[in-house]
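Convention: sequence-line order gives letters A, B, ...; per-chain numbering from 1. When reading the values below, keep in mind they use all heavy atoms of this one structure, side chains included, and skip hydrogens, waters and symmetry mates.
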Number of protein chains: 2
Amino acid sequence: MAGVSFRQQVLVAREGAIVASVNRLLAEKGFEAMTVEEVAADVGIAKGSLYKHFVSKEALAAAAMVRVLDRALAFLETESQHSAATPVEHLKSCVRWMLQMQSAGEMPWLPAQNSTLRAALLQDRAYIDRVMAVSDRLGAWIVAAQSTGAINPALPAEAVLYTMYARACDPVPGFLRAGGKFNDEQIVDILLALCFDGLLARSPAADQTSISLLAS
Amino acid sequence: MAGVSFRQQVLVAREGAIVASVNRLLAEKGFEAMTVEEVAADVGIAKGSLYKHFVSKEALAAAAMVRVLDRALAFLETESQHSAATPVEHLKSCVRWMLQMQSAGEMPWLPAQNSTLRAALLQDRAYIDRVMAVSDRLGAWIVAAQSTGAINPALPAEAVLYTMYARACDPVPGFLRAGGKFNDEQIVDILLALCFDGLLARSPAADQTSISLLAS
DNA sequence: GTCTATAGCCAGATAGAC
DNA sequence: GTCTATCTGGCTATAGAC
């Protein structure tokens, strides 16, 4: 525990590089399209060596998820320092962060219905722990925002939570990006408005998430 | 054109059965998880015979999409008969229809980023034509609803359209279903509220999509 | 057109030398 | 632990008899 050998540090660094590559490739092409061989080539090692670090392709994806969830937890930590912000403002910041991660190509894109992958994730304690930690933090803000009436109290809290999570794999930003009419910042603003304000117009302009379309 | 032979009718019926199976399997497990052999077994014919009808796996998926888009067009046709409805009400009905199709296991689930599949779809005129027909119809209602101010006019019309399309592959209904606390009808109501009203509460209760949670 | 059988390919995972 | 080489299995697609 006291001294970590140099060799071990090198190994840890290499694993970090592997997970970083996996993260990028998952964001770029998704789980099934990403091949283990590709990951190895990207890191610059042999495929056989990869399997000394991670027992399966699913384990690679799980490690990438742990990495991004750790980043999310770090963001949540600094976000909660802003004690002046209301719960809803915290939630908006979180969704904005997710959307920015997605457009930066940093958000792993996992299929919702791959059974072997889901099974592997559900048995990965590191993953589960972090999902629960993130959900607890978001859940507290959701409950608070619903009690003040800022977030629609008629919505089940879990529906709000899932909706936030689902922004990580929303195809709409990709479609808008493909259209070429909007830059990343505008797309984030549009999606924030869609998520929090919905499609319907709001009567008082005051409580509406502003979309800065005039900047184009 | 006048007389269609009995043999041809049998073939058409068989192809209909094939596409129906593909549709169901795509809804159930998605494109990559569905195998051609599985489709053949489900229809009750040999794999080789399938390739006499459809040249590739992608062509199977395209046929399933054409089928569901034809259903959508039929729905749009009857929906537009309701001349008493406002454009927004039409749009809500459409989203509701999509959500119901999804929970009924009738909505094919295609990956957003499979390049070979996308290429095949974009070269399939039958598919393209129907997508454009559906988009034209929805687009007209969207423009009308934005001009009256019912739908937020600050949103780009294509963002509204994409948001509606994206409800077909929204993972949130699946999460809610897995939770087991809500039935399909409640889930549809929740998602309609999320889509049109957003997460934030609305000041006047009048213009809010009601969620019938008291029924549980 | 339908079947059985198989070609061809590719990706995940393993073995064994160093 | 890293490498090269290989195994294994499954999937798309095709061939050829009937």
Original post:
side-chain hydrogen bond (donor to acceptor under 3.5 Å, both in side chains) with Glu32(B): which residues, sequence neighbours excluded?
Top reply: Asn114(B)
**OP:** Return the set of residues passing side-chain hydrogen bond (donor to acceptor under 3.5 Å, both in side chains) with Gln146(B) (not counting sequence neighbours), or none when no residue passes.
**Re:**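 Partners of Gln146(B) under the side-chain hydrogen bond (donor to acceptor under 3.5 Å, both in side chains) test: none.
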Original post:
Any sub-3.5 Å donor-acceptor pair from Gln102(B)'s side-chain atoms to Asp170(B)'s backbone N or O?
Top reply: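 Side chain of Gln102(B) to backbone of Asp170(B), a donor-acceptor pair under 3.5 Å: yes, one is there.
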Subject >> Summary of side-chain hydrogen bond (donor to acceptor under 3.5 Å, both in side chains) pairs that have at least one residue in residues 36-50 of chain A, sequence neighbours excluded >> reply: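 For residues 36-50 of chain A: Ser21(A)-Asp42(A), Arg24(A)-Asp42(A), Lys29(A)-Glu38(A).
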Original post:
Which residues in residues 111-126 of chain A have at least one heavy atom lying under 4.0 Å from any atom of DNA chain D?
Top reply: none
Subject >> Close residues, residues 29-60 of chain B, relative to DNA chain D [heavy-atom separation under 4.0 Å] >> reply: Met34(B), Thr35(B), Val36(B), Lys47(B), Gly48(B), Tyr51(B), Ser56(B), Lys57(B)
Original post:
In chain order, what residues pass the side-chain contact (heavy atoms from CB on, under 4.5 Å) check against Leu122(A), with sequence neighbours excluded?
Top reply: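 Partners of Leu122(A) by the side-chain contact (heavy atoms from CB on, under 4.5 Å) criterion, ordered by chain and then number, come out as Ile128(A).
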Original post:
In chain order, what residues pass the side-chain contact (heavy atoms from CB on, under 4.5 Å) check against Ala20(B), with sequence neighbours excluded?
Top reply: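 side-chain contact (heavy atoms from CB on, under 4.5 Å) check on Ala20(B) returns Arg67(B).
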Subject >> Between Ser56(B) and Tyr51(B), a side-chain donor and acceptor under 3.5 Å >> reply: no
Original post:
So, are Arg137(A) and Glu79(A) salt-bridged, with charged N and O less than 4.0 Å apart?
Top reply: no
**OP:** Would you please name every residue forming a salt bridge (charged side-chain N to carboxylate O under 4.0 Å, His left out) with Arg96(B), sequence neighbours left out?
**Re:**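 With neighbours one apart ignored, the set is Asp189(B).
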Original post:
For Arg71(A), which residues count as a salt bridge (charged side-chain N to carboxylate O under 4.0 Å, His left out) partner, sequence neighbours excluded?
Top reply: Glu106(A)
**OP:** Shoot me the first and last contacting nucleotide of DNA chain C against chain A, ordered 5' to 3', at under 4.0 angstrom to non-hydrogen atoms.
**Re:** dA11(C) to dT14(C)
Original post:
Should the ring pair Phe75(B) and Trp97(B) be called parallel, tilted or perpendicular, given that the plane angle runs from 0 to 90° and is split at 30 and 60?
Top reply: parallel
Subject >> Residues from residues 11-22 of chain B lying under 4.0 Å of DNA chain C - heavy atoms >> reply: Leu11(B), Arg14(B)
Original post:
Tell me the salt bridge (charged side-chain N to carboxylate O under 4.0 Å, His left out) pairs involving residues 9-22 of chain A, sequence neighbours left out?
Top reply: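 Non-adjacent pairs meeting salt bridge (charged side-chain N to carboxylate O under 4.0 Å, His left out): zero.
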